[in-house]
There are 2 protein chains.
Amino acid sequence: MNLTIGDVAKRIGLPAKTIRYYEEIGLVDPLRDSNGYRVFRDSDLHKLTFLGRARALGFTINDCRTLLALYEDETRASSDVKAVAQKHLADIEAKITDLQAMHATLSHLAQECSGDGRPDCPILKGLSGG
Amino acid sequence: MNLTIGDVAKRIGLPAKTIRYYEEIGLVDPLRDSNGYRVFRDSDLHKLTFLGRARALGFTINDCRTLLALYEDETRASSDVKAVAQKHLADIEAKITDLQAMHATLSHLAQECSGDGRPDCPILKGLSGG
DNA sequence: GTAGGGCTTCCTGTCACTGGAAGGTCAAGG
DNA sequence: CCTTGACCTTCCAGTGACAGGAAGCCCTAC
């Protein structure tokens, strides 16, 4: 018995919709049964697992495409993989820095806000440029 | 002389496109000159400044709409503002936590990758489930 | 009068899906 | 044999917050 897309979805932990989408954009290419249902080979399952993990680490679909190509290429240089990873690590670090700055500013404002029934509010003052 | 949208954009630090978009979704409502050009009052400039800062702190457009309404409402309770801010702070914290987890996992994998010309790569192994 | 820059609207594209409609397929139960 | 319900299929629209670009009007300077 072939695994249907629902079975694969459960096994991999990705929604069926997402798997169809990955096929549509050419990340996987499952076979078809005579009834039109998708047929997933082991290689498809491996790719989908790979994609699920890469996406969970925050790689873009474009990065995933690159990484998947490297994954499939037995003659790859690990430096190519590492370069993609390090670029992504730098992006993550930049995002964390941004978020921490936002958090610092906003928590400072919130701390000064009494948060009661009165209209006076340092948060709004801060936002309006006060 | 009225300020045109380009002048306002420079002054506030938002692209003109963004200001038009904010008008389209009802966040601001500038007047119009006889030639069709937008005319920005002081109150429009204040609102746009407010929006720019709120967006820079990561508030969604929907939150901005709420905050702007509170900003305009002289009878607001500061607790309402603070609630929005604290919800957003919690979201920021969650995002930072997620990003830090991704960073930890990926930097660990990257550290083990030699990054040379050989095909052997712990990053790909980690992604494929190894 | 013409060249340029800015303004206007409108339409499309981005990213990575998600939701939903319309219709085909399959196994189980009556 | 028929139905029911849970699958599967495709296709279309919407999300958030804009950005890019085309076509055409306006205004100033030379």
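Residue numbers begin at 1 in each chain, while the letters A, B, ... track the order of the sequences. All heavy atoms count here, side chains included; hydrogens, waters and symmetry mates do not.
- Contact annotation: A:Thr18 reaches the phosphate of C:dT18 (side-chain N/O to OP1 or OP2, under 4.0 Å).
- Across all strands, A:Tyr22 comes closer than 4.0 Å only to sugar-phosphate atoms, never to a base (heavy-atom distances).
- Between A:Arg11 and A:Asp7, no side-chain nitrogen of the basic residue sits less than 4.0 Å from a carboxylate oxygen of the acidic one, so the salt-bridge criterion is not met.
- B:Ile5 comes within 4.0 angstrom of the backbone, heavy atoms only, and of no base.
- Note on A:Arg32: a side-chain N or O is less than 4.0 Å away from OP1 or OP2 of D:dT10.
- One atom, CD1 of A:Ile19, and another, P of D:dT10, lie 13 Å apart when rounded to the nearest Å.
- Spacing between atom CG of B:Leu48 and atom C1' of D:dA17 amounts to 15 Å, rounded to whole angstrom units.
- A:Arg38 CZ to A:Leu3 CG: the interatomic distance, rounded to the nearest 0.5 Å, is 14.0 Å.
- Of all nucleotides listed (C:dG20, C:dT8, D:dA19), C:dG20 comes nearest to the side chain of A:Lys17.
- A donor atom on one side chain and an acceptor atom on the other are not found under 3.5 Å apart for B:Thr66 and B:Asp63.
- DNA chain D is contacted by both B:Asn35 and A:Tyr37; A:Tyr37 maps to the nucleotide lying nearer its 5′ end (nearest heavy atom per residue).
- The 12-atom threshold is exceeded at CZ of A:Arg41, counting heavy atoms of other residues, nucleotides or ligands nearer than 6.0 Å.
- The interatomic distance linking B:Ile61 (CD1) with D:dT15 (P) rounds to 14 Å, in whole Å.
- Heavy atoms from other residues, nucleotides or ligands lying under 6.0 Å from CD of A:Gln111 number 12 at most.
- The distance from atom CD of B:Glu23 to atom P of D:dA17 is 18 Å, rounded to the nearest whole Å.
- Among the heavy atoms of the strands lying under 4.0 Å from A:Arg55 are primed sugar atoms or P, OP1, OP2 only; no base atom is included.
- Residue A:Arg20 is classed as a base contact, given a heavy-atom separation below 4.0 Å to a base.
- Each of B:Gly6 and A:Asn62 has a nearest nucleotide on DNA chain C; the 5'-most of these lies closest to B:Gly6.
- For A:Thr4, counting side-chain heavy atoms from C-beta on, the closest listed nucleotide (D:dG20, D:dC7, C:dC17) is D:dC7.
- In this entry the distance linking CG of A:Leu14 with C1' of C:dT18 reads 14 Å, nearest Å.
- We find that CG of B:Asp7 is positioned 14 Å from C1' of D:dT28, with the value rounded to whole Å.
- With distances taken from any side-chain atom of A:Arg38 to the nucleotides C:dA16, D:dA17, D:dT9, the minimum falls on D:dT9.
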